[in-house]
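Bear in mind the structure is a predicted one, so any value in this text is a computation, not a measurement. The basis for the numbers below is simple: all heavy atoms, side chains too, and nothing from hydrogens, waters or symmetry mates.
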Amino acid sequence: MKKYNSDLSRALGSWGFYAGIGGMVLAIIIGASGDIVPMLQMQDMQGLYNGFHAQTLLTALSSDVMLLCVPILAALPYTSAFVDDFKSGYLKEYLPRCGRQRYIRGKVASTAVSGALVLFIGVIVAYILFALVFTPMELKPDEEMMQMMQPHYFADVLGRAFVFALCGVLWSLVGALLAAVTMSKYMAYASPFIIYYVLVILSERYIKDIYVLNPKQWLSAGEMWPGGIWGIALLVAQLAAIVAIGYGVRVSRRLADA
């Protein structure tokens with residue numbers, strides 16, 4: 001348990017974790033700017049429509065800027081941790097005390113959790129920021145409409161944040177796996193974006209019918225998905241589990257060769 005706590009503390013206390021959250025909020029603001037500026041100009045006197053803060057956030061989560069940033073931000077906190085440990089010689093002293101299996105499980109779990117939280121927290125922080133800024137400008141609906149609409153908006157935001165968290169798990173583990181394969185920390189940060197972009201190009205230009213391979217579709221929560229958000233969550237969770245197993249196996253082999 002101490003090993004897990006140590007890894008998790010390193011991941012959640014790293015510069016990459018806080019930079020990822022800040023980058024996530026910034027990307028959402030940039031993605032929403034196209035809707036915010038015209039709406040403020042049009043409704044300066046009357047006020048914004050009810051639920052503007054949540055609808056604008058949901059629209060921003062599907063913007064091109066946001067979708068391209070996800071694999072990069074998810075990789076920042078902890079994807080290069082194993083390579084850093086291996087090259088620094090830290091493993092020679094630490095591994096005999098904690099055990100190989102505990103070390104591997106700690107690395108896999110902490111990489112996944114940090115990748116998930118950096119995106120999830122970024123979405124929630126952006127939602128709180130939007131609510132604080134725009135809710136006072138929104139027209140107040142009658143009591144019945146308020147009871148119907150507000151929980152619906154927040155549930156949608158939570159659902160999308162959950163999908164982003166799962167994608168964070170996947171892309172952080174992809175970066176960690178490729179870093180362990182190449183033993184390059186630069187691949188930890190670059191490989192998630194490269195694979196993401198290749199999948200987008202393939203699915204949009206050559207294999208359009210296989211929309212499940214398009215990472216943009218996972219984050220946009222398209223209506224064509226069976227089961228909606230939960231169908232996307234199931235697919236991404238399965239892919240993340242496969243990559244997690246691959247990462248664990250690769251680290252184990254590296255440790256055996258060390």
Side-chain angles (χ1 to χ4, degrees), residues 1-24 69-122 162-196 215 218 233 235-258:
M1 183 60 70
K2 289 183 179 180
K3 174 56 191 170
Y4 300 143
N5 292 337
S6 174
D7 272 319
L8 199 56
S9 296
R10 281 179 62 190
L12 302 187
S14 66
W15 68 267
F17 184 73
Y18 295 105
I21 293 175
M24 188 72 177
C69 286
V70 164
I72 300 173
L73 298 176
L76 290 180
Y78 209 54
T79 52
S80 66
F82 171 69
V83 176
D84 292 336
D85 288 352
F86 190 91
K87 290 188 174 181
S88 67
Y90 172 76
L91 290 177
K92 294 179 180 179
E93 296 183 1
Y94 187 75
L95 200 61
R97 290 183 292 170
C98 75
R100 181 182 300 178
Q101 292 305 314
R102 284 187 180 181
Y103 177 83
I104 294 171
R105 289 195 293 266
K107 279 291 177 286
V108 173
S110 298
T111 301
V113 170
S114 61
L117 288 180
V118 74
L119 301 187
F120 184 86
I121 293 175
F162 175 67
V163 172
F164 269 75
L166 287 176
C167 289
V169 172
L170 174 62
W171 295 118
S172 62
L173 288 172
V174 166
L177 172 59
L178 269 294
V181 169
T182 61
M183 293 308 291
S184 168
K185 64 183 303 180
Y186 301 107
M187 284 299 293
Y189 305 121
S191 59
F193 177 77
I194 294 172
I195 294 175
Y196 179 97
W218 307 343
L235 171 66
V236 177
Q238 290 175 337
L239 293 175
I242 294 171
V243 178
I245 293 171
Y247 178 42
V249 170
R250 188 59 190 173
V251 170
S252 179
R253 291 181 178 177
R254 284 290 184 187
L255 295 178
D257 295 338

Do Y78 and D7 come close enough that some side-chain heavy atom pair is under 4.5 Å?
yes
Quick one: does any side-chain atom of S252 pair with a main-chain N or O of G248 as donor and acceptor, under 3.5 Å?
no
Judged by modelled atom types alone, do D84 and S80 share a side-chain donor-acceptor pair under 3.5 Å?
yes
Please give me the minimum heavy-atom distance between A11 and F17, naming the atom from each residue.
O-CB, 3.4 Å
Between T79 and Y189, do the side chains contain a donor N or O and an acceptor N or O under 3.5 Å apart?
no
Taking the side chain as every heavy atom from C-beta outward, state whether W171 and C167 have any atom pair closer than 4.5 Å.
yes
Would you compute the distance between atom CG of L119 and atom CZ of F162 and round it to the nearest 0.5 angstrom?
13.0 Å
Would you name the heavy atoms of V118 and L73 that are closest together and state the gap between them?
CG1-O, 3.8 Å
Answer yes or no: is there a side-chain heavy-atom contact under 4.5 Å between V236 and V163?
no
Could you give the distance from CZ (R250) to OG1 (T182), rounded to the nearest 0.5 Å?
9.5 Å
Shortest non-hydrogen contact between A180 and V83, atoms and distance:
N-CG2, 4.4 Å
Mind running salt bridge (Lys or Arg N to Asp or Glu O under 4.0 Å) on R10 and D85 for me, showing each step along the way?
CA-CA 12 Å; R10 281 179 62 190; D85 288 352; 3.3 Å; yes
On a heavy-atom basis, which atom in V243 and which in V174 lie closest, and how many Å separate them?
CG1-N, 3.7 Å
Looking at every non-hydrogen atom in both residues, tell me the closest pair between V169 and A240 and how far apart they are.
CG1-CB, 3.8 Å
Main-chain N/O of S172 paired to T111 side chain as donor or acceptor, under 3.5 Å:
no
Output for pair (M187 CE, L177 CG), nearest 0.5 Å, gives 10.0 Å
Can you tell me how the ring of F82 sits relative to the ring of F86, calling it parallel under 30°, perpendicular over 60° and tilted otherwise?
tilted
L178 and I194: side chain to side chain contact (heavy atoms under 4.5 Å, CB included), yes or no, with the steps?
CA-CA 11 Å; L178 269 294; I194 294 172; over 6 Å; no
Flag the pair W218 / V70 as yes when at least one side-chain heavy-atom distance between them is below 4.5 Å, and no otherwise.
no
Can you check whether M183 reaches R254 side chain to side chain, under 4.5 Å on heavy atoms?
yes
Shortest non-hydrogen pair, S110 vs L8, comes out as OG-N, 3.3 Å
Let me confirm one number: the CG-CG distance from L239 to L173, rounded to the nearest 0.5 Å.
11.5 Å
